[in-house]
Amino acid sequence: MRNILFTTLFGICILGAIAQDGTKVPYGYNESAGKYFEATTDTKLYYEIYGEGQPILMLHGGVYGYIDEFEFFIDSLSKNYQVICLATRGHVKSDIGYEPFTYQQRARDAKKLLEHLKIEKAKVIGFSDGGYAAYRMAADYPKAVERMVVIGAGDSPEGSGVNYGYSEEKLMKEAGGYFKKRLAAMPEPERWNESLQWLNALYENEVVSEKIFKKIECPVLLMAGDTDQYSNPETLLKAHGLIKESNLSIIPGCGHVVFYCNWNGVWAVVKPFLNN
């Protein structure tokens with residue numbers, strides 16, 4: 001079944017979970033919810049869990065992305081689900097590791113987290129970088145993914161990759177205050193630039209296209225803003241046509257981070273899909 005939805009609900013909900021002491025929950029930096037597991041013998045990855053119920057695994061975006069970008073999702077989903085938020089390699093509290101980054105690696109790390117938690121199957125929400133990891137996870141470990149939502153990640157065939165030239169110097173000039181907090185929480189801040197070079201190579205060289213999409217068996221909701229500068233609606237439409245059971249939602253008036261642009265519209269589509 002393939003449906004295309006054009007969401008027309010506008011406006012952002014002002015959300016933010018409040019802790020018992022009246023402060024906002026520091027997603028991604030929450031010592032009371034955060035734990036580590038061994039992805040490999042030399043690489044520990046960080047995760048946080050909120051709520052109870054059926055498990056939903058959250059896979060965040062890259063570079064600027066981290067667990068805290070999912071604050072609206074965590075606030076809403078944790079009322080009825082167990083929300084598992086993984087920090088991917090090289091992002092804030094997780095180790096960088098010693099192998100260049102791939103989406104196959106990210107999918108394997110996510111699967112190992114579920115195994116660590118003794119979870120056989122979960123729903124998955126992936127944004128941007130995390131969306132491509134979700135595609136690989138559903139293709140490589142079909143029994144582990146019940147259904148998934150992929151936001152801002154479309155067809156990425158051979159030759160379409162981009163090297164964005166990320167470096168510590170560039171990012172500190174663009175958003176030094178933002179990354180200063182993140183560097184303070186990194187286990188190996190001195191290796192951040194090395195991690196960014198691996199991300200540049202990932203975005204330039206990784207292929208997630210027809211071969212992967214045709215292996216996906218679970219129901220998938222694809223979502224993008226109509227002005228997404230990284231994965232435009234045409235790339236989502238291509239993926240939609242190749243995935244066996246998929247739905248496509250285009251959010252008008254929004255760019256890449258659609259859930260900050262129009263949370264009401266995003267939630268109106270995601271909630272019923274997850275509850276189906």
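These values consider heavy atoms only, across backbone and side chains, with no hydrogens, waters or symmetry-generated copies.
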Peer 1: Any donor-acceptor pair under 3.5 Å linking the side chain of Y47 with the backbone of A33?
Peer 2: no

Peer 1: Let me check something: do Y132 and V162 share a hydrophobic cluster, defined by ILVMFWY side-chain heavy atoms less than 4.5 Å apart, either directly or through other members?
Peer 2: yes

Peer 1: Do E174 and Y64 have side chains that get closer than 4.5 Å, going by heavy atoms?
Peer 2: yes

Peer 1: Just checking, is any N or O donor in the side chain of Y27 or D75 under 3.5 Å from an acceptor N or O on the other one?
Peer 2: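 Yes, because at least one side-chain N or O of Y27 sits under 3.5 Å from a partner of the opposite role on D75.
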
Peer 1: Testing the basics here: between L183 and P189, what is the closest heavy-atom pair and its distance to 0.1 Å?
Peer 2: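 Minimum heavy-atom separation between L183 and P189: O-CB, 3.8 Å.
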
Peer 1: Closer than 3.5 angstrom, by distance alone: can the side chain of N200 be matched with the main-chain N or O of Y166 as a donor-acceptor pair?
Peer 2: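 Flag set: sc N200 to bb Y166 pair under 3.5 Å.
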
Peer 1: Using 30° and 60° as the class limits, which term best fits the ring planes of F127 and H256: parallel, tilted or perpendicular?
Peer 2: tilted

Peer 1: Do D129 and R106 sit within salt-bridge range, that is, some charged N less than 4.0 Å from a carboxylate O?
Peer 2: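 Judged by the 4.0 Å cut-off on N to carboxylate O distance, D129 and R106 do form a salt bridge.
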
Peer 1: Strictly distance-based, threshold 3.5 Å: is any side-chain N or O of T227 a donor or acceptor partner for the main-chain N or O of C254?
Peer 2: yes

Peer 1: Are E204 and N163 close enough, and set up right, to give a side-chain hydrogen bond (donor to acceptor under 3.5 Å, both in side chains), and what steps lead you there?
Peer 2: CA-CA 5 Å; E204 183 176 14; N163 186 322; 3.2 Å; yes

Peer 1: For K35, look at atom NZ and say whether over 12 heavy atoms of other residues, nucleotides or ligands are found less than 6.0 Å away.
Peer 2: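 No, the 6.0 Å shell around NZ holds no more than 12 heavy atoms from other groups.
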
Peer 1: Using atom types as modelled and distance alone, determine if a side-chain donor or acceptor of K121 lies under 3.5 Å from a backbone N or O of E146.
Peer 2: no

Peer 1: Name the orientation class of the two ring planes belonging to F179 and W192 (parallel below 30°, tilted from 30 to 60°, perpendicular beyond 60°).
Peer 2: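 Taking W192 first and then F179, their aromatic rings sit tilted (interplane angle of 30° to 60°).
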
Peer 1: Is it the case that atom CD in E158 sees more than 12 heavy atoms from other parts of the structure closer than 6.0 Å?
Peer 2: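 No, not enclosed.
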
Peer 1: Where the side chain of D68 meets the backbone of E71, is there a donor-acceptor pair that is under 3.5 Å apart?
Peer 2: no

Peer 1: Could you tell me how the ring of F259 sits relative to the ring of F73: parallel (under 30°), tilted (30 to 60°) or perpendicular (over 60°)?
Peer 2: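 Because their plane-to-plane angle is over 60°, the rings of F259 and F73 count as perpendicular.
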
Peer 1: Is there a side-chain hydrogen bond (donor to acceptor under 3.5 Å, both in side chains) between D155 and S209 once you walk through the steps?
Peer 2: CA-CA 5 Å; D155 181 45; S209 192; 2.5 Å; yes

Peer 1: Would Y46 and D95 count as having a side-chain donor-acceptor pair, cut-off 3.5 Å?
Peer 2: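 On atom types as modelled, these side chains do not qualify, holding no pair under 3.5 Å.
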
Peer 1: Please report the closest heavy-atom contact between P233 and I250, naming both atoms and the distance.
Peer 2: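 Result for this residue pair: CB-CD1, 3.9 Å.
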
Peer 1: Kindly say whether G90 contributes a backbone atom to a donor-acceptor pair with the side chain of R191 at under 3.5 angstrom?
Peer 2: no

Peer 1: Are L202 and Y164 connected in a single hydrophobic cluster, I mean Ile/Leu/Val/Met/Phe/Trp/Tyr linked by side-chain heavy atoms less than 4.5 Å apart?
Peer 2: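 Same cluster.
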
Peer 1: Are H91 and S94 close enough, and set up right, to give a side-chain hydrogen bond (donor to acceptor under 3.5 Å, both in side chains), and what steps lead you there?
Peer 2: CA-CA 6 Å; H91 289 80; S94 281; over 6 Å; no

Peer 1: Under 4.5 Å between any side-chain heavy atoms of F72 and V266, yes or no?
Peer 2: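 No, side chains not in contact.
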
Peer 1: Ignoring hydrogens, what is the shortest heavy-atom contact between G61 and S128? Give both atom names and the distance.
Peer 2: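 Closest pair (atom of G61, atom of S128, distance): CA-CB, 4.2 Å.
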
Peer 1: Minimum heavy-atom separation for Y66 and G28, please, with both atom names.
Peer 2: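 Closest approach of Y66 to G28, heavy atoms only: OH-O, 2.6 Å.
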
Peer 1: For G51, is there any backbone N or O sitting under 3.5 Å from a side-chain donor or acceptor partner on S78?
Peer 2: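 Side chain of S78 to backbone of G51: no pair is present.
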
Peer 1: Look at the side chain of S156 and the backbone N and O of V208, then say whether any donor-acceptor pair between them is shorter than 3.5 Å.
Peer 2: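 Checking the backbone N and O of V208 against the side chain of S156, no donor-acceptor pair under 3.5 Å is found.
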
Peer 1: Grouping I, L, V, M, F, W and Y whenever their side-chain heavy atoms are under 4.5 Å apart, do I49 and L86 come out in a common cluster?
Peer 2: yes

Peer 1: Show me the donor-acceptor pairs within less than 3.5 Å that the side chains of residues 269-276 make with the rest of the protein, sequence neighbours left out.
Peer 2:
from, atom 1, to, atom 2, distance (Å)
N275, OD1, Y81, OH, 2.5
N275, ND2, K271, O, 3.3

Peer 1: Between Y141 and E115, is a side-chain hydrogen bond (donor to acceptor under 3.5 Å, both in side chains) present by the stated rule, with each step listed?
Peer 2: CA-CA 12 Å; Y141 310 103; E115 291 174 352; over 6 Å; no

Peer 1: Considering all heavy atoms of both residues, which atom of M148 and which atom of A134 are nearest to each other, and what is their separation?
Peer 2: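 Shortest heavy-atom separation between M148 and A134 comes out as SD-O, 3.5 Å.
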
Peer 1: Could you check whether any side-chain N or O of E217 sits under 3.5 Å from a backbone N or O of P142, counting only pairs where one atom can act as donor and the other as acceptor?
Peer 2: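 No; judged by distance alone, with no hydrogens or angles, the pair does not exist.
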
Peer 1: Quick one: do Y98 and Y103 end up in the same hydrophobic cluster if we chain Ile, Leu, Val, Met, Phe, Trp and Tyr together by side-chain heavy atoms under 4.5 Å apart?
Peer 2: no

Peer 1: Give a yes or no on whether E120 atom CD has more than 12 heavy-atom contacts from other residues, nucleotides or ligands under 6.0 Å away.
Peer 2: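 Result for CD/E120: open.
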
Peer 1: Taking all non-hydrogen atoms of both residues into account, name the closest pair between M137 and V145 and its distance.
Peer 2: CG-CG2, 3.9 Å

